Amino acid sequence: MLDPKYLRSDIEDTAARLKRRGFNLDVDAFKQMEETRKSLQVRTQELQNERNVRSKSIGKAKAAGEDIQPLLAEVEQLKNELHSAEEALSILLKDIAAFCQGIPNLPDTSVPEGKDENDNLEVSRWGEPRQFDFDVKDHVDISQGLNNGLDFESGVKLSGSRFVVMRGQIARLNRAIAQFMLDVHTQENGYQEMYVPYLVNEASLFGTGQLPKFGEDLFHTKPATEEGQGLSLIPTAEVPLTNLARDEILDEATLPVKMTAYTPCFRSEAGSYGRDTRGLIRNHQFDKVELVQLVKPDASFDALEALTGHAEMILQRLELPYRKVLLCTGDMGFGACKTYDLEVWLPAQDTYREISSCSNMLDFQARRMQARYRNKDTNKPELLHTLNGSGLAVGRTLVAILENYQQADGSVKVPEALLPYMGGLTELTPAG
RNA sequence: GGAGAGGUGGGUGAGUGGCUGAAACCAGUUCCCUGCUAAGGAACCAUACGCAUUACGCGUAUCGAGGGUUCGAAUCCCUCCCUCUCCGCCA
């Protein structure tokens, strides 16, 4: 959510900045709602004040043993007037809140303007895509040669399309990747490892911005005996991790808070029918090691660079070629003001594919969830800035390793960095 | 699942219809005293919104959430959420 004060005082400027990301702010509607709100609020408050004053005098009169009846009669009409004013105001306030909650974050000035991923700006490349002297296979074909280590048919049988069963050496590799990432982030990058719920409530989803607008991207559960949507499966650990700060006032000395968690992520992928239907790239369930930072406002842009670097470190240690992309205004998520994507090289697709997305949300999420810290200088609570990034998506890392480390005979070399996690296994073989 | 208790400001915790936006204590900030890794005293110390803006200014709302009763509710009633205790069940 944007700062309502800023929204009110600089609506034109806000609209202009939102336009950069293709969002049309209905300035007139907002102005009109605000104007009505002001007069309605003043009127309501006047009535409330009068009620309070009169009620007090009734109390005094009663204590003094006077006759209250005439006073009560006077107040009768006031009551009705106040009632309808309060009701009208509350409806309007809800409308305004809904309007404000639907506005995305303002893009940072350093973010290039653009419509979609084609307008993203490549910032850097790391590593050289390997030259193959044989026909490269994609991860699906590779896995079939490895004792059917990625079993999509079983995934369909158990759950449906976009689910997978991993077995044997590939399942082991998947686990090794996650362990490796967690170890790097906790031991070298200063993140605290967290274990969090995979089912979260509505307030949490509102806090990070999934609700109310993007509920269709989520899987909602509901206890058999109850009404309503119940809890929802997390689409990313960003939701539980960031919401740890919800309704909290953190001690400034504890900042920055750096947390990491390895969790499954669940996404309905509504609206992506037909996209990436083959393989592991786009599944309803995938594992991810997430990085979240809660920082003081003046530190968030530096933190974004650092956090992105932490995710890059994983790719470098795995010796996977990648590029770093600054997302354009049109490709950024709802709550982000600046986002770097890391795209890993996939030889079978002959292209770079997203494997991490690192964003600075400024105070956008913090305001929604009232996540604050006490400023030592002013002694006042102020909104935190929140950041998150994948460090990395485990499933796509698995894909990248299978494809980049494949060998002519169909086997796959285990990356150096993962050897300590593979129990002596140095390559994945047809024995699986 | 059954029976009970409870949810108050940064923290602990008073408060069962009007003078309580909320005692007291702790923490915090400032000042006074004190010449010393101590102690004492005083003041200040929630958030949001609105009006006003030369003001130490005024008003409204907020005591888990949402409804209701009442001239008036932290205080009474209803629903929901959460916490705790005992019993049952269970990885």
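Just so we're clear, the structure is a prediction, and the values are computed from it rather than from any experiment.
Separation of the C1' atoms belonging to B:A46 and B:A74 is 16 Å when rounded to the nearest angstrom. Atom P of B:A5 sits at a distance of 32 Å from the matching atom of B:A61, rounded to the whole Å. If you take atom C1' in B:C82 and the same atom in B:A91, they sit 24 Å apart, rounded to whole Å. Of the P atoms belonging to B:C26 and B:G40, the separation is 10 Å, rounded to the nearest Å. B:A14 sits 10 Å from B:U8 when the C1' atoms are compared, rounded to a whole Å. Remark: the separation of the C1' atoms in B:A55 and B:U62 is 27 Å, to the nearest Å. Here the separation of B:A22 from B:C81, taken at their P atoms, is 33 Å to the nearest Å. B:C76 and B:A23: their C1' atoms are spaced 23 Å apart (whole Å).
Of the candidates B:C49, B:A61, B:G18, B:G18 carries the atom nearest the A:Ile58 side chain, counting heavy atoms from C-beta on. Proximity note for A:Ser55 (side chain, C-beta onward) versus B:U60, B:U47, B:C71: the nearest is B:C71. Among the nucleotides B:C71, B:G50, B:A61, the one closest to the side chain of A:Gln45 is B:G50. Listed candidates were B:A61, B:G10, B:C71. Nearest to the side chain of A:Lys79 is B:C71.
Side-chain N/O atoms of A:Arg372 include none lying less than 4.0 angstrom from OP1 or OP2 on B:U47. For the OP1/OP2 pair of B:A61 and a distance below 4.0 Å, the side-chain nitrogens and oxygens of A:Arg51 include at least one atom meeting the criterion. Remark: A:Asn49 is not in phosphate contact with B:G50, judged by side-chain N or O atoms under 4.0 Å from OP1 or OP2. Between A:Arg8 and B:G50 there is a side-chain N or O to OP1 or OP2 distance below 4.0 Å. Side-chain N/O atoms of A:Asn52 include one lying less than 4.0 angstrom from OP1 or OP2 on B:U60.
When rounded to the nearest whole Å, the span between CD of A:Gln48 and P of B:C51 equals 15 Å. The distance from atom NZ of A:Lys94 to atom C1' of B:G66 is 9 Å, rounded to the nearest whole Å.
A donor-acceptor contact under 3.5 angstrom links the side chains of A:Asn375 and A:Glu382, judged on distance only.
Backbone-only contact: A:Ile249 has heavy atoms under 4.0 Å from sugar-phosphate atoms and none from a base.
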